[in-house]
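When a ligand or atom number is given, it counts from 1 through the structure's own listing order.
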Amino acid sequence: MPRARRSTVMITGASRGLGRALAEAFAGAGSRLVLCARGRKALEALARELEAEGAEVEWAALDVTDEAAVRELVTRSEARFGVVDVLVNNASILGHRGTLADQPVDEWRSVLDVNLTGALVAIRAVLPGMRATGGGSIINVSSGVGDRPRPGWGAYAVSKAALEALTWNLAVEERETGVRANAVDPGAMRTDMRRSAYPAEDPDSLPDPAEITPVFLWLASEESASVSGERFRAPEWP
Ligand SMILES: NC(=O)c1ccc[n+]([C@@H]2O[C@H](COP(=O)([O-])OP(=O)(O)OC[C@H]3O[C@@H](n4cnc5c(N)ncnc54)[C@H](OP(=O)(O)O)[C@@H]3O)[C@@H](O)[C@H]2O)c1
């Protein structure tokens with residue numbers, strides 16, 4: 001497995017599921033970590049666990065839609081670690097599942113706010129530092145619903161398609177700065193989100209999120225230095 005260089009990696013939605021697996025994988029690769037999620041308890045427990053294993057961690061219980069809180073976390077981590085080299089926009093909510101005709105507008109707004117605007121907020125917080133060092137890797141976590149129609153997935157599907165569009169535009173806009181942007185569809189994983197989407201499914205039939213972390217480590221590494229504006233399906237990688 002390619003190892004990430006010693007870098008500072010920010011992961012949103014790090015307290016459980018894929019975000020937690022990524023935090024553990026990057027810590028194992030020697031990265032410094034900047035972690036956030038709304039719930040304090042699980043996040044703090046994870047940070048303490050990783051620190052006990054030797055990792056350096058900055059963390060904050062925050063909502064990714066809260067621009068001031070995200071900026072404060074990035075400023076604090078930059079003061080301690082230097083710039084954020086890698087950002088994984090992983091935080092996401094499922095929201096109301098149903099047809100667009102039946103989509104409650106409040107719920108639509110919340111899903112787009114977290115899944116799409118939250119990513120922009122984190123990108124805007126880390127981008128000046130990345131530009132200043134002439135490089136950086138932004139990895140947006142999409143979904144199988146992000147690049148094709150999936151009726152009945154409401155705002156979630158639209159938010160992931162828009163997150164992919166954000167990725168392609170960012171990749172082109174930042175080409176000269178050295179900042180890269182790619183999207184990863186992690187595929188089905190054994191997590192809380194998947195359980196709430198498919199309550200009748202046997203969780204043991206699904207991969208643990210730890211199994212799909214290698215593509216993220218590679219996208220964070222120098223080995224993918226020329227890769228930007230691309231979409232990866234984690235289960236099919238490499
Ligand atoms: N699981 C799957 O099968 C699957 C398939 C395709 C794509 N994905 C994508 O993979 C990513 C990870 O999914 P998962 O299954 O690991 O989800 P999950 O188990 O529900 O975990 C989501 C994480 O995001 C955090 N979060 C949610 N809203 C947030 C907010 N407003 N601000 C900050 N943090 C927030 C959660 O913590 P708090 O609740 O404490 O904030 C949690 O740490 C998501 O982008 C998801 O769309 C998952």
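Without hydrogens or angle criteria, Asn90 side chain to Thr12 main chain gives a donor-acceptor distance under 3.5 Å. The backbone N or O of Met189 lies less than 3.5 Å from no partner atom in the side chain of Arg194, so there is not a single donor-acceptor pair.
Set against the non-hydrogen atoms of Ala188, the atoms of ligand 1 under 4.0 Å away are 3 (O). Close approach of ligand 1 to Asp192 (heavy-atom distance below 4.0 Å) involves ligand atoms 19 (O). Short contacts between ligand 1 and Leu62, defined as distances under 4.0 Å to a heavy atom of the residue, involve ligand atoms 32 (N), 33 (C). Taking every non-hydrogen atom of Met189 and a distance limit under 4.0 Å, the qualifying atoms of ligand 1 come out as 1 (N), 2 (C), 3 (O), 4 (C), 10 (O), 48 (C). Residue Gly17 approaches ligand 1 through these ligand atoms, each under 4.0 Å from one of its heavy atoms: 16 (O). For ligand 1, the atoms closer than 4.0 angstrom to any heavy atom of Val141 are 9 (C), 10 (O), 11 (C), 45 (O). Per-residue contacts place Asp63 under 4.0 angstrom from the following atoms of ligand 1 (heavy atoms of the residue considered): 30 (C), 31 (N), 32 (N).
Under the side-chain contact (heavy atoms from CB on, under 4.5 Å) test applied with Ile139, the options Ile11, Val9, Leu219, Leu22 reduce to a single match, Leu219. Checking Asn140, Asn89, Asn182 one by one against Thr167, the side chain to side chain donor-acceptor pair (under 3.5 Å) holds for a single residue, Asn140.
Checked by atom type, the side-chain pair Asp85/Ser7 shows no donor-acceptor distance below 3.5 Å. Inspection of the Arg150 and Ser143 side chains reveals no N or O donor paired with an N or O acceptor under 3.5 Å.
Looking only at heavy atoms of the protein, atom 1 (N) of ligand 1 is closest to Thr191 OG1, 2.9 Å. The protein heavy atom nearest to atom 47 (O) of ligand 1 is Tyr156 OH, 2.5 Å. Residue, atom and distance of the protein heavy atom nearest to atom 32 (N) of ligand 1 are Val64 N, 3.0 Å. In this structure, atom 39 (O) of ligand 1 lies nearest to the protein heavy atom Arg38 NH2, 2.9 Å. Counting protein heavy atoms only, atom 37 (O) of ligand 1 is closest to Ser15 OG, 3.2 Å. Of the protein's non-hydrogen atoms, Arg16 NE, 3.6 Å is the one closest to atom 21 (O) of ligand 1. In this structure, atom 7 (C) of ligand 1 lies nearest to the protein heavy atom Ser142 O, 3.2 Å. Of all protein heavy atoms, the one lying nearest to atom 40 (O) of ligand 1 is Gly39 N, 2.8 Å.
Hydrophobic clustering (side-chain heavy atoms under 4.5 Å, transitive across Ile, Leu, Val, Met, Phe, Trp, Tyr) keeps Phe81 apart from Val86.
The closest side-chain heavy-atom distance from Val34 to Arg80 is not below 4.5 Å.
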### Message
Could you walk me through whether Arg76 and Glu72 satisfy the salt bridge (charged side-chain N to carboxylate O under 4.0 Å, His left out) test, starting with their C-alpha distance in whole Å, then the side-chain angles of each, then the deciding distance to 0.1 Å, before giving a yes or no?
### Response
CA-CA 6 Å; Arg76 180 155 43 89; Glu72 197 277 325; 3.5 Å; yes

### Task
Would you sort out whether Val141 and Val88 count as a side-chain contact (heavy atoms from CB on, under 4.5 Å), showing the intermediate values?
CA-CA 7 Å; Val141 181; Val88 185; 3.9 Å; yes

### Message
Please evaluate residues Asn115 and Ile93 with respect to the criterion side-chain contact (heavy atoms from CB on, under 4.5 Å), reporting the C-alpha separation (whole Å), side-chain torsions for both, the decisive distance (0.1 Å), and the verdict.
### Response
CA-CA 7 Å; Asn115 299 4; Ile93 55 173; 3.8 Å; yes

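For Gly118, the heavy-atom gap to ligand 1 stays at 4.0 angstrom or more. The closest approach between a heavy atom of Gly144 and any atom of ligand 1 is not below 4.0 Å. In this structure, Cys36 falls outside the shell of residues with a heavy atom less than 4.0 angstrom from ligand 1. Ligand 1 does not have Thr65 within reach: every non-hydrogen atom of the residue lies 4.0 Å or more from it.
Under the 4.0 Å criterion applied to side-chain N and carboxylate O atoms, Glu44 and Arg48 are assigned as salt-bridge partners. Between Arg131 and Glu174, at least one side-chain nitrogen of the basic residue sits less than 4.0 Å from a carboxylate oxygen of the acidic one, meeting the salt-bridge criterion.
Under 4.0 angstrom from ligand 1, there are no non-hydrogen atoms of Asn115. Counting heavy atoms closer than 4.0 Å to ligand 1, residue Ile93 contributes side-chain atoms (C-beta onward) but none from N, CA, C or O. The proximity of Ala42 to ligand 1, defined as any non-hydrogen pair under 4.0 Å, does not occur for either the backbone or the side chain. Residue-level proximity to ligand 1 for Asn90 is carried by backbone and side chain together, each with a heavy atom below 4.0 angstrom. Counting heavy atoms closer than 4.0 Å to ligand 1, residue Lys160 contributes side-chain atoms (C-beta onward) but none from N, CA, C or O.
Distances between N or O atoms of Leu18 and those of ligand 1 include at least one value under 3.5 Å. For the pair Ala91 and ligand 1, the shortest N or O to N or O distance does not fall below 3.5 Å. Checked against a 3.5 angstrom limit, the closest N/O atoms of Ser143 and ligand 1 fall outside it.
In this structure, OG in Ser159 is found 11.0 Å from CH2 in Trp153, a value given to the nearest 0.5 Å. From Met130, atom CE reaches atom CD1 of Ile138 across 4.5 Å, with rounding to the nearest 0.5 Å.
The heavy atom nearest to atom 13 (O) of ligand 1, out of those in Glu201, Arg20, Met193, is found in Met193.
Classified by interplanar angle (parallel below 30°, tilted 30° to 60°, perpendicular above 60°), the ring pair Trp218/Trp237 is tilted.
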